[in-house]
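Some notes on the structure that comes next.
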Amino acid sequence: MNISEDNNRIIIHGIKDFHPDHTFDNGQCFRWSKEADGSYTGVAFGKVVNINYFNGDVIINNASLKDFDEHWKNYLDLERDYSVIKKTLAKNDPQMMKAISFGHGMRILCQEKWETLISFIISQNNNIPRIKKCIESLCTNHGSYIGEYKGKIYYGFPKMDDLAQMDAGDLSLCRLGYRANYIIKAARQVALDGGKTLNSLDTAAPEKAHEYLLSLTGVGPKVANCIMLFSMRKYNSFPLDVWIKRVMNQIYSIDVGNVKRMQNYAGKHFGEYCGIAQQYLFFYAREISKVSDQDQRKA
DNA sequence: TTCCAGGTAGCCG
DNA sequence: CGGCTACATGGA
């Protein structure tokens, strides 16, 4: 990997298959916001960074080489060759080929497990703009101060032990609705062993990880699969939300209610990287829907 | 007003 | 087990 460092900035040269929009605005993460120049600023690992891409270079502002090696390289999944995966998924599937060309620069992030757990509990029966607002409010009200970057103040994600000691009323400012109770309960469950079990799940068998996550309040099969896919590198997890159910029905003609058949089909048709396939489809379905919304407003 | 959003817990057969 | 429904919130 060809990296240069200057002035609190890291540049990784010769990276293909990366685009900030496809990676940070595809519903896998909720704390990245787009800047006027097309870059994204976000928080992870208690640090604020700004990320852009230009002519094969991934540019990470406000980061050291040490930070990159410890966190961002893994977080951005930069060492994986997505071209091979894309080729395999698109083979004999013109619809998938379309979805992939739409989101060709998508990377599946490897996020922090605790934050991903809480974020996707919030995501249930909710929409992405409001999920972002809820999480931002959770951080500003209950996270620790990180610092200022380009005129904005940033906070970390609330600590597990802090949430475990609260009750739902303490979260009322965050407008989480009925999910506030789920979060408190899940936090208490995870905190029982100081998060040791949760943090060991990336090396656990997928079935074991899934089983533990399902034991947490507010976590069902869909949320568990998101956590496994977006924070544990378990790429054979296939989250089935309302959008993907529609896609599976429209493209692959599976009955809307037949979740089990959708899961089976995904595993067989897309294989070990079905979770990545799912994310291309999710991004594609939502972008298409945005375009048709605009058409409807014009008409 | 009603419907919808990256669903799940609780309950009932 | 599978099916059904209530659940907070805010935007369209």
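Here is how names work: the chains are called A, B, and so on, in the same order as the sequence lines, proteins then strands, and each is numbered from 1.
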Any donor-acceptor pair, under 3.5 Å, between the side chain of R130(A) and the base of dT9(C), if you only look at N and O atoms? yes
Side-chain donor-acceptor pairs under 3.5 Å in residues 180-192 of chain A, sequence neighbours left out?
from    : atom 1 : to      : atom 2 : distance (Å)
R188(A) : NE     : A164(A) : O      : 3.1
R188(A) : NH2    : M166(A) : O      : 2.8
Q189(A) : OE1    : T217(A) : N      : 2.9
Q189(A) : OE1    : T217(A) : OG1    : 3.1
Q189(A) : NE2    : S215(A) : O      : 2.8

Pairwise P distance for dT5(C) and dG6(B), with rounding to whole Å = 23 Å
With a 3.5 Å cut-off and just heavy-atom distances, do the side chain of R179(A) and the base of dA8(C) make a donor-acceptor pair? yes
I135(A) CD1 to dG10(C) C1', in whole Å, measures 16 Å
I244(A) near the nucleic acid: base, sugar-phosphate alone, or nothing, with a heavy-atom cut-off under 4.0 Å? base
From CE of M248(A) across to P of dG6(B) the rounded distance in Å is 18 Å
Note to self: Distance check, P atoms only: dT2(B) and dA6(C), in whole angstrom units.
What the structure shows: 14 Å
Need one value for K260(A): base, sugar-phosphate or nothing, where a base atom within 4.0 Å counts as base even if backbone is also close, heavy atoms only. sugar-phosphate
Give a yes or no on whether the backbone of H19(A) and the side-chain of T23(A) come within a donor-acceptor separation of less than 3.5 Å.
yes
Those stems involving DNA chain C that have three or more consecutive Watson-Crick or G-U pairs, both distances under 3.5 Å, are B:2-5 with C:9-12, B:7-12 with C:2-7
Rounded to whole Å, CZ of R286(A) lies from C1' of dC4(B) at a distance of 13 Å
From CG of L138(A) across to P of dT9(C) the rounded distance in Å is 15 Å
Sorted by chain and residue number, the ring pair (Phe, Tyr, Trp, His ring centres under 6.0 Å) partners of W32(A) (sequence neighbours excluded) come out as F24(A)
Under 3.5 Å side-chain donor-acceptor pair for D21(A) and Y40(A)
yes
note: K133(A), atom NZ; dA5(B), atom C1'; distance rounded to Å ~ 13 Å
Item checked: Flag for Y82(A)-D77(A): side-chain donor and acceptor within less than 3.5 Å -> yes
What residues 273-281 of chain A contributes to the DNA chain B interface at heavy-atom separation below 4.0 Å is Q278(A), Q279(A)
Contacts of K268(A) meeting salt bridge (Lys or Arg N to Asp or Glu O under 4.0 Å) (sequence neighbours excluded), chain-then-number -> none
* Classify the ring geometry between H71(A) and F45(A) as parallel (under 30°), tilted (30 to 60°) or perpendicular (over 60°). => parallel
Could you tell me how far dC3(B) sits from dC7(C) if I compare only their C1' atoms? Round to whole Å.
16 Å
Problem - Check: F282(A) and N26(A) side chains under 4.5 Å, non-hydrogen atoms - result: no
Taking any heavy-atom pair under 4.0 Å as a contact, classify N26(A): base, sugar-phosphate, or nothing. base
Q: Return yes if some donor-acceptor pair links the side-chain N/O of D37(A) with the main-chain N/O of S39(A) below 3.5 Å, else return no.
A: yes
The side chain to side chain contact (heavy atoms under 4.5 Å, CB included) partners of E5(A) (sequence neighbours excluded) come to I10(A), S64(A), L65(A)
Applying side-chain hydrogen bond (donor to acceptor under 3.5 Å, both in side chains) to D193(A) and not counting sequence neighbours gives T197(A)
Given protein heavy atoms under 4.0 Å, the one-letter contact record of nucleotides 7-13 of chain B, with B base, S sugar-phosphate only and - none, is simply BSS----
Contacts satisfying ring-ring contact (aromatic ring centres under 6.0 Å, His included) that involve residues 195-232 of chain A (not counting sequence neighbours) are F120(A)-F230(A)
Atom CZ of R246(A) and atom C1' of dG6(B) are separated, to the nearest Å, by 11 Å
Taken to the nearest whole Å, CD1/I131(A) to P/dG11(C) is 14 Å
Exactly one candidate in K34(A), K132(A), R31(A) meets salt bridge (Lys or Arg N to Asp or Glu O under 4.0 Å) with D25(A); the answer is K132(A)
Sequence neighbours excluded, the answer for salt bridge (Lys or Arg N to Asp or Glu O under 4.0 Å) partners of K86(A) is D17(A)
**dT8(B) to dG11(C) separation - C1' atoms, rounded to the nearest Å** = 23 Å
When rounded to whole Å, the CG to P distance for the pair N258(A) and dG2(C) reads 11 Å
Within residues 163-170 of chain A, those residues having any heavy atom closer than 4.0 Å to DNA chain B are none
### Message
Would you say R175(A) places a side-chain N or O within less than 4.0 Å of OP1 or OP2 belonging to dA8(C)?
### Response
no
Assign F230(A) to base, sugar-phosphate, or nothing according to its heavy-atom contacts below 4.0 angstrom with the strands shown. base
Using atom types as modelled, flag every donor-acceptor pair under 3.5 Å from a side chain in residues 151-163 of chain A to any protein atom, sequence neighbours excluded.
none

